[in-house]
**Q** 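Sharing a structure here in structure tokens format.
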Amino acid sequence: MSAVVNHRSTPVEDSFVDSLIAGESDYSPVSDYLLRSVHVTHRQDSINWILNAHAHYQFHPLTAVLSVNYFDRFLSAAPASIEWDNGWKFQLLSVACFSLAAKMEEPEVPLLLDLQVSEPRFVFEPKSIQKMELWVMEKLNWRLRSVTPFDFIDYFVYKLPQSSCANEHHFYCQCLDLIVKTIRVIDFMRFRPSVIAAAAVVSAAGEGVEIPESYYEKVDKEMVRSCHQLMEEYLVDTCPSVRKQWRSDERPPPASPDGVLDAATCVSCDTRSDDLQVIRTPGDQDREVKRARPNVQEEQP
């Protein structure tokens, strides 16, 4: 399941798409996740950090989506008795999910101390992050190869008229941009990955492109329309203050995935603190953790 999609001329087998759709629920948070007491502020802070770190290392778009997927799936599966009202716990979970996603998708992954960039409020020892990684994988039943919207892009692009995406590379970049931006808006969690992909392709195609009825054979048409409407609402950026700033400066939104990630770091939503705290979880060695240096060697689990 890769985010690299550039074979529009090759149709995707229906049976393959059916298998992906059948497995969507297995790689999503439980259905009542949004009805629980989700700490929206902590979640938003965590996603902001993930996107900042993702942009810093210029990782693949899929790495960002997987990171947030692991984050939400873990919280939805974690015991209700665990208190998640402490900021450092969310930061530790963010680092662990980001590290796991990078290990799944990136050819080179920084050391765990080096991974904690973008001025985090808390810095964790490698051993603490490794313990959290194991806990996340356990709660996810070791299912890290998630079904994401990227898996459906080829299928829906092939359903469009050939003339709808003359510049294929730019078209796919637009789809990737839209999908990555959805992870910052909690409202998109009510849509399945296939629906998000279908809506992203429609949005990238733009107005004036006639969508055939066969486009909706695998997805609910009204859900796609609802998702597409939400995308159009947040087309420039998910943060109103940034959207307002772009309009006042008359600057267009970035066209590349990395550019979107840079722009998605909203200053008004950023709750970073200048007071850096070193967090040691029970069992860690009593030693000081410095800011990441290239020569820091990590302990192996």
**Q** Heavy atoms only: give me the nearest Ala204-Leu178 pair and the separation to one decimal.
**A**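 Distance-wise, the nearest heavy atoms are N-CD1, 4.1 Å.
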
**Q** List the steps, then state whether side-chain contact (heavy atoms from CB on, under 4.5 Å) holds for Val157 with Tyr172.
**A** CA-CA 9 Å; Val157 171; Tyr172 277 112; 3.7 Å; yes

**Q** Donor-acceptor pair, Trp49 side chain versus Gln44 backbone, under 3.5 Å?
**A**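 No; judged by distance alone, with no hydrogens or angles, the pair does not exist.
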
**Q** What distance do Ser194 atom OG and Ile21 atom CD1 have between them, rounded to the nearest 0.5 Å?
**A**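 CD1 of Ile21 is found 4.5 Å from OG of Ser194.
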
**Q** Using the six-membered ring wherever Trp is involved, compare the ring planes of Phe59 and Tyr57 and label them parallel, tilted or perpendicular (cut-offs 30° and 60°).
**A**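 Aromatic pair Phe59/Tyr57 classed parallel.
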
**Q** Is Glu213 salt-bridged to Lys159, going by a charged N under 4.0 Å from an acidic O?
**A**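 So Glu213 does not pair with Lys159 through a salt bridge.
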
**Q** Just so I know, are the side chains of Asn69 and Thr148 near enough to count as touching, which here means a heavy-atom distance under 4.5 Å?
**A**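 Of all side-chain heavy-atom pairs linking Thr148 with Asn69, none is under 4.5 Å.
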
**Q** As an exercise, state the distance from CD of Glu133 to CD1 of Ile129, rounded to the nearest 0.5 Å.
**A**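 So the gap between those two atoms works out to 7.0 Å.
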
**Q** How many angstroms lie between CG in Leu140 and OG in Ser76, if you round to the nearest 0.5 Å?
**A**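 That separation rounds to 8.0 Å.
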
**Q** Closest heavy-atom contact between Pro212 and Glu210?
**A**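 Looks like CD-O, 3.4 Å.
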
**Q** Distance check, rounded to the nearest 0.5 Å: Cys97 atom SG versus Met137 atom CE?
**A**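 Result: 10.5 Å between the selected atoms.
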
**Q** In the structure I gave you, are the side-chain heavy atoms of Pro126 and Leu111 within less than 4.5 Å of one another anywhere?
**A**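 The answer is no; the side chains never approach within 4.5 Å.
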
**Q** Passes side-chain contact (heavy atoms from CB on, under 4.5 Å), Leu230 versus Thr182? Steps please.
**A** CA-CA 9 Å; Leu230 193 61; Thr182 62; over 6 Å; no

**Q** So which heavy atom on Phe191 is nearest to which on Val195, and how close?
**A**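 So the two residues come closest at CD2-CG1, 3.9 Å.
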
**Q** Look only at the side chain of Ser67 and the backbone of Thr63, and say whether a donor-acceptor pair between them is shorter than 3.5 Å.
**A**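 It does hold such a pair.
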
**Q** Going by heavy atoms in the side chains, are Phe152 and Glu24 under 4.5 Å from each other?
**A**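 Sidechains of Glu24 and Phe152: in contact.
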
**Q** List the atom of Val209, the atom of Pro161, and the distance in Å for their closest heavy-atom pair.
**A**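 Val209 and Pro161 have their closest heavy atoms at CG1-CD, 4.3 Å.
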
**Q** Between Asp151 and Phe16, is there a side-chain heavy-atom distance shorter than 4.5 Å?
**A**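 Result no, sub-4.5 Å side-chain heavy-atom pair not found.
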
**Q** Could you see if Val109 belongs to whatever hydrophobic cluster contains Leu62? Use Ile, Leu, Val, Met, Phe, Trp, Tyr and a side-chain cutoff under 4.5 Å.
**A**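 No.
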
**Q** Could you tell me whether the side chain of His54 and the main chain of His60 form a donor-acceptor pair under 3.5 Å?
**A**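 Flag set: sc His54 to bb His60 pair under 3.5 Å.
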
**Q** If you compare all heavy atoms of Ser28 against all heavy atoms of Arg73, which two are closest, and at what distance to 0.1 Å?
**A**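 Taking Ser28 first and Arg73 second, the nearest heavy atoms are C-CG, 3.8 Å.
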
**Q** Taking C-beta and beyond as the side chain, do Ser94 and Met132 meet within less than 4.5 Å on heavy atoms?
**A**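 They are not in side-chain contact.
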
**Q** Would you give the length of the straight line joining atom CD of Gln116 to atom CD of Gln91, rounded to the nearest 0.5 angstrom?
**A**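 Rounded to the nearest 0.5 Å, the CD-CD separation comes to 7.0 Å.
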
**Q** Below 4.5 Å, heavy atoms only, C-beta onward: do Ile153 and Phe150 meet side chain to side chain?
**A**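 Yes, close enough: below the 4.5 Å cut-off.
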
**Q** Quick one, Trp88 with Leu92, criterion side-chain contact (heavy atoms from CB on, under 4.5 Å). Give me CA distance, side-chain angles, the key distance, then yes/no.
**A** CA-CA 6 Å; Trp88 71 262; Leu92 177 58; 4.1 Å; yes

**Q** Would you name the heavy atoms of Val117 and Asp114 that are closest together and state the gap between them?
**A**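 That would be CG1-O, 3.1 Å.
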
**Q** Could you tell me the separation between the CZ atom of Phe90 and the CZ atom of Phe71, rounded to the nearest 0.5 Å?
**A**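 Here the interatomic distance stands at 5.5 Å.
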
**Q** Check whether Tyr70 reaches the backbone of Ala96 with its side chain - one donor and one acceptor, N or O, closer than 3.5 Å.
**A**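 It does not hold such a pair.
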
**Q** Return yes if some donor-acceptor pair links the side-chain N/O of Ser226 with the main-chain N/O of Glu222 below 3.5 Å, else return no.
**A**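 A pair under 3.5 Å: no.
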
**Q** Stepwise, does the side-chain contact (heavy atoms from CB on, under 4.5 Å) test hold for Val202 with Arg225?
**A** CA-CA 9 Å; Val202 171; Arg225 286 181 173 177; over 6 Å; no

**Q** Find out whether Val136 and Leu93 are in side-chain contact, i.e. whether some heavy atom of one side chain is under 4.5 Å from a heavy atom of the other.
**A**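 Result yes, sub-4.5 Å side-chain heavy-atom pair found.
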
**Q** Does any non-hydrogen side-chain atom of Val219 lie less than 4.5 Å from one of Phe156?
**A**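 Yes, their side chains come closer than 4.5 Å.
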
**Q** Salt-bridged, Asp72 to Arg43, with N to O below 4.0 Å?
**A**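 Looking at Asp72 and Arg43, the cut-off is met.
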
